[in-house]
Structures are given as C-alpha cells and as structure tokens.
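Scroll down for the structure; my scribbles are underneath it.
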Amino acid sequence: MLTLPTLLWWLHRHYSGAPLMDAWVPLMWLLAGAMLLVLHHLRVDPPGTDKADRRWRAGLMLLAVLVGLGWAAPVPITLHERLPLFHLVLYASLCAVTSSGAMYLSLLPAMFLCFSGSVMAVALAGAYWIFPQDWPFMVAALLLFLGVTVRHARQNRRFIERQLALEEGYREMSERAAQALLEKNHFLNAASHDLRQPVHAMRMAVEAGLQLHGQDARLVPLLEHLEQCGQSIHFMLESLLDLARAESGHHTAQPQTLSVDALMADVPVLFSAPARANGLALRLRAPRRETLHVRTDPALLRQALFNLVQNAIRYTPRGGVLVAARRRGTALQLQVWDTGVGIAAPEQASLFAPFERGPATAAPGQGAAHGLGLAVVARSAMLIGAVYGVRSRPGRGSCFWLQLPLAEAPAAPARPPQRAPAEARHLPGHCLVVDDEPHVVRAWRMLFEAWGTTARFADGVDMAHRHLDEGFRPQALVCDLRLRGGDNGWQLLQSLAARCPDAGCLLISADLSAPEIGEADDFGCLVLHKPVEPDALHRALRAWMHA
C-alpha cells in the first residue's frame, strides 16, 4: 500500500498528468496507516464480548470495502485516457492485490469478499471503456480470475485451520507432557521425605546393633550386611532423584574418579535376591590383574548399569545373567549378558526409546514393565558421554553394553575407615531430640542407649519445652525439619536454642531444597540430611558434649 501505488503514480506521470492521481497516493498511505492502527488496537485490546466482536467485524468489513475502493480508484480516474500500457499494469496490479488478499484474509471470509468484491466490481465496470475492443475477453478473464482466487482463498483457509489445529494439538500435548514430568518430579521430591525416613531409622538401628552386639562374631557379618544394604538403598534413592532432576534439566553430570571394582561390588548386593527368586545365576567378571577407573558421574553410571541388570533379570526366564567389565583399548566396556529369548534386528533400533518394549515377556513374579528402563539408560549415557548399544540373536540371548574412556587411578586411593571399637563410641552427655515418627524415635533410643547418651524425646513444640521446664539441660538439640500439625522444626530449634544458649544445634532434613536450610547455615546451625550418617552424627555430638 506504500510502494505499489507510488510506482503506479510514477508510471502514470510518465504518460499523463491527471491531478487526481496525485491525490490518490496520499489517500492510500492514509488507508495503510488506518489499517496498521486498527490491527495494533486489536492485538493490544481484543474485543471481550459478543457485541463488541460484532461491532469490530462490521468495522473491519467497512475498512475492507474502503481499501478495495481505494485500490480500484485509478480505474475511474483514468477511465477516458488512452494509456494501454498503464492500464495493463494497473489491472495486473489489481489482480495481484486481490490474490494477496486470498492469502492474508482467508481466515476472515466476509472481509475477503468485501475487499475482493469492491476491487473487481470497479475493474469489471471500467473494462468496457478502458478496453473498448477487448472488453468481453477482459471481463471473462477477470471473472475467471475471481473464481480461482475465491477457491484458492477457501483452500488456503482450510490449510491454515488444519495447521492451527495441529499446532494447538502439539501445544496441548507438550503442555501435558511437561505437566506430567513436573508432577512426576514433584512426586519424587515429595515422596523422598517418606522414603528417607525408614532408611534413616534403619541405619541408626544398625549402628546401635553394631555397638551393642559388636563382640558377637555371629551377628557382626549380618549387621554389616544390613548396613551395606542401607547404603545401597540410600544411593539408589539419590540416583533416582538425580535422574528426575536430569530429566527436568536441573541436573548436570558431576564427574568423579570411580573404581570399577566398587561399581561391580554393588551389583550382587542389589540383585542377588531377585536373581535367586527367578532361578537365575548372577555372575560377575572383572579384570583380575588390574583395577580399572573411569571419570564419570557415579550416580548416573550406576543408574544405567543397574537398569540393564534389572532388565536382564526381568526378561530372562531361565539360565543366568553375567555382568562383565572389560578393557577395550583405552576404554572400559560394561556388559550385561543374559540367556533370554533374544531380540530380532529390526526391533533393536527402537529399544532405547521411551515406552518401547521388546518382544519378550517378563519373568514370573516380575510384573509388567512400561518400557522406561532402557530409556533411562539412554538418558544417563547421554549425560555422562558414554556409548551404548545391544547385540542379540533370537533364541540365544542378548548383550547390552556401555562404553566410556578409562581414567588414571587416584594417586592415593582412600582406604575405607575402620569402625572404632565400642569403647571409643561411648558418648556420655545429654541430648534433646524432637521427632514425630515413632519408628525413627525408637531408632534414636536404641542408638543413644548404645552410645551411653542420656536423651529426652519430644514429638512437638509443647513436649520439647516441657522437658526444659522440668529441668533437663541438654548439651545438644536435635530437631527434624518437618513435624506433624504444621510445626516448623527450624523455628522450634531457634526457640529451644534461645533457652539453651550453650547447646549445639542440629537440624535434620529430608528436603534437600528447603529454604530453612540456608537460614540454618547462616545461623550457625549444623544441618544433616536423611538418612544421617552415624559417623557424622557421632562427631558432631562428641564435639558439643565434650565441650
């Protein structure tokens, strides 16, 4: 509306000098400005009621008629001039403008008909005088063009509506998928508190058992095995939460030097019982002459390997599962072999996609899988930069593998700390514990009895202050962050610390992202996360009670 009228005006000036054409160009500029203002107003403040919507539609159709008449105005202005070349360019321009209206106004059929009808009505009416000898041909050509343009506008409208429907459907599915992922991660974070509680209680109970029965050679292996199981469960819980954060884009790999022997040692702890329940032999094979190390995120690598082992046990009806670590030049390849039914080559390409399952059925008692295990493997491998794949032959079994570069061994490998004798763990002193979970409180009692610590227990604000009112003077205050009834453990701990200024303060939390944790750090309070390491707890209490 700015460029084409100016070119037509310049072409007309080249052949003639009708003064009305000089006024036509500013008129088109004014109409262009009016259209921009109307469209901007509609975008900023769209009509909110049906009455306002009808009023705007009527105004838009009137504007379309005015713009159409404005485009066709040169036809009556130059009606009696003999300018064949100019008139051919003018009619071609009117056809081009009408065709562009079929593209941009197709979603508003009434507006398009008002615009194209006003343009073509004036062009058809002037054809008799402008083309006196060829007007029948020109009229027929214009009518044919108008019919084709209307049909094109209708098809373009259907195409755009389909595209909009597809876009809306994609947007809704994306929103549902994002919401589902958010809800899943929220559920995992919320459930982590309840999942950590029994592990927290178990580790304290095992510590108490080791202190009370550490001299009984028959119980020590059992208790140490329970402690190792508790550590593995704790690690798996952390891995699950790390994976949830990775899926939501809030987790990045944290490389560490990891011993392959330590990685392989966790496999029988977690999977010996499920393998025996399925009648399978679970075997490990690692290099005997050397200890291999890799530089990777331990949580993500363990998650990927454990998912492969779990899948192998689930889909192997008989035989066994072999977990092997082999050197491949400068790389380590972790392999999980099974004696299952195998997977055909066409089906192997989609195995690592979400919700894809192989043709094999789960072993009895394993339940139905949802095709997420191998998708987790792919996701974890991508984050740590590992290569993964599968080799399989139908009827002979499968081999799933992960490969990543080897790393140099640490200069001074850390030796596992030796457990101190029961006498060294003796911890005389006074401690006040606030926790509302009965099984956790029982574990606290057992632990403090084993350590020789005098303790009082409370499940809320009133009972905690009642112990102080009765004259109990603790050297350490231990409080859980989340208490029943909406009580805030951090606020309670502050009120107790105000009454016992010489006591050490320990806040225990299962919520890793609670805002109170930062406040407690600034306050100078020690924060430990569930499940609490008994050694860390013992060191903190010993420092306060000895002081």
Side-chain angles (χ1 to χ4, degrees), residues 231-232 234-236 238-271 282-313 321-338 343 345 348-354 356 372-392 397-416:
Q231 292 175 349
S232 297
H234 178 210
F235 178 81
M236 290 298 293
E238 294 296 333
S239 299
L240 183 62
L241 296 176
D242 287 342
L243 184 64
R245 287 191 288 268
E247 289 178 344
S248 61
H250 299 129
H251 179 79
T252 56
Q254 300 176 358
Q256 300 176 20
T257 301
L258 176 66
S259 168
V260 176
D261 292 341
L263 175 67
M264 300 285 284
D266 289 336
V267 174
V269 174
L270 293 176
F271 298 105
L282 177 63
R283 295 183 298 153
L284 303 180
R285 181 174 297 170
R288 297 180 180 179
R289 298 181 180 179
E290 58 180 342
T291 301
L292 302 179
H293 294 80
V294 290
R295 183 76 178 171
T296 185
D297 187 309
L300 293 174
L301 180 59
R302 280 186 167 95
Q303 188 70 45
L305 177 62
F306 292 169
N307 273 26
L308 291 179
V309 177
Q310 185 179 35
N311 263 29
I313 294 175
V321 174
L322 170 66
V323 182
R326 292 187 169 94
R327 176 191 281 272
R328 292 290 183 264
T330 59
L332 168 74
Q333 189 171 96
L334 297 171
Q335 302 172 345
V336 179
W337 297 78
D338 64 66
I343 305 166
Q348 295 177 16
S350 61
L351 277 179
F352 293 91
E356 288 289 338
L372 287 174
L374 295 180
V376 170
V377 173
R379 176 69 177 175
S380 302
M382 181 189 69
L383 289 173
I384 62 177
V387 182
Y388 60 91
V390 58
R391 300 189 298 271
S392 182
S398 305
C399 173
F400 290 85
W401 53 270
L402 293 162
Q403 184 167 308
L404 60 166
L406 287 169
E408 294 184 1
R415 297 182 60 186

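Treat the numbers as computed from the prediction; the structure is a model and nothing was measured.
A distance of 15.0 Å separates OH in Tyr388 from CD in Gln333, rounded to the nearest 0.5 Å. The distance from atom SG of Cys399 to atom CZ of Arg391, rounded to the nearest 0.5 Å, is 4.0 Å. Taking CD1 of Ile384 as the reference point, atom CG of Leu300 lies at 6.5 Å (rounded to 0.5 Å). Between atom CG of residue Leu301 and atom CG of residue Leu332 there is a gap of 8.0 Å, rounded to the nearest 0.5 Å. Expressed to the nearest 0.5 Å, how far CZ of Arg302 lies from OG1 of Thr296 amounts to 10.5 Å.
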Which is it for Leu263 and Leu334 under the side chain to side chain contact (heavy atoms under 4.5 Å, CB included) test, yes or no, and what are the steps along the way?
CA-CA 10 Å; Leu263 175 67; Leu334 297 171; 3.8 Å; yes

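Leu322 and Arg285 make their closest contact through CD1-CB, 4.1 Å (heavy atoms, listed as atom of the first residue, atom of the second, distance). The minimum heavy-atom distance between Pro268 and Ala265, with the atom names listed, is CD-O, 3.4 Å. Between Leu284 and Met264 the shortest heavy-atom distance is CD1-O, 3.6 Å.
The only option from Arg328, His293, Arg295, Arg327 that meets the side-chain contact (heavy atoms from CB on, under 4.5 Å) definition with Leu406 turns out to be Arg327.
Asp338 contributes no side-chain N or O that, together with a main-chain N or O of Val321, makes up a donor-acceptor pair within less than 3.5 Å. Panel note: side chain Ser392, backbone Ile343; a donor-acceptor pair is recorded below 3.5 Å.
Residues Pro255 and Asp297 are not in side-chain contact: their nearest non-hydrogen atoms beyond the backbone lie 4.5 Å or more apart. No side-chain heavy atom of Val294 sits less than 4.5 Å from a side-chain heavy atom of Thr257. Residues Leu308 and Val377 meet the side-chain proximity criterion, which asks for heavy atoms closer than 4.5 Å.
Checked against side chain to side chain donor-acceptor pair (under 3.5 Å), Trp337 has the following partners two or more places apart in sequence or in another chain: Gln335.
Annotation: Phe306 is in aromatic contact with Phe271 [ring centroid separation under 6.0 Å].
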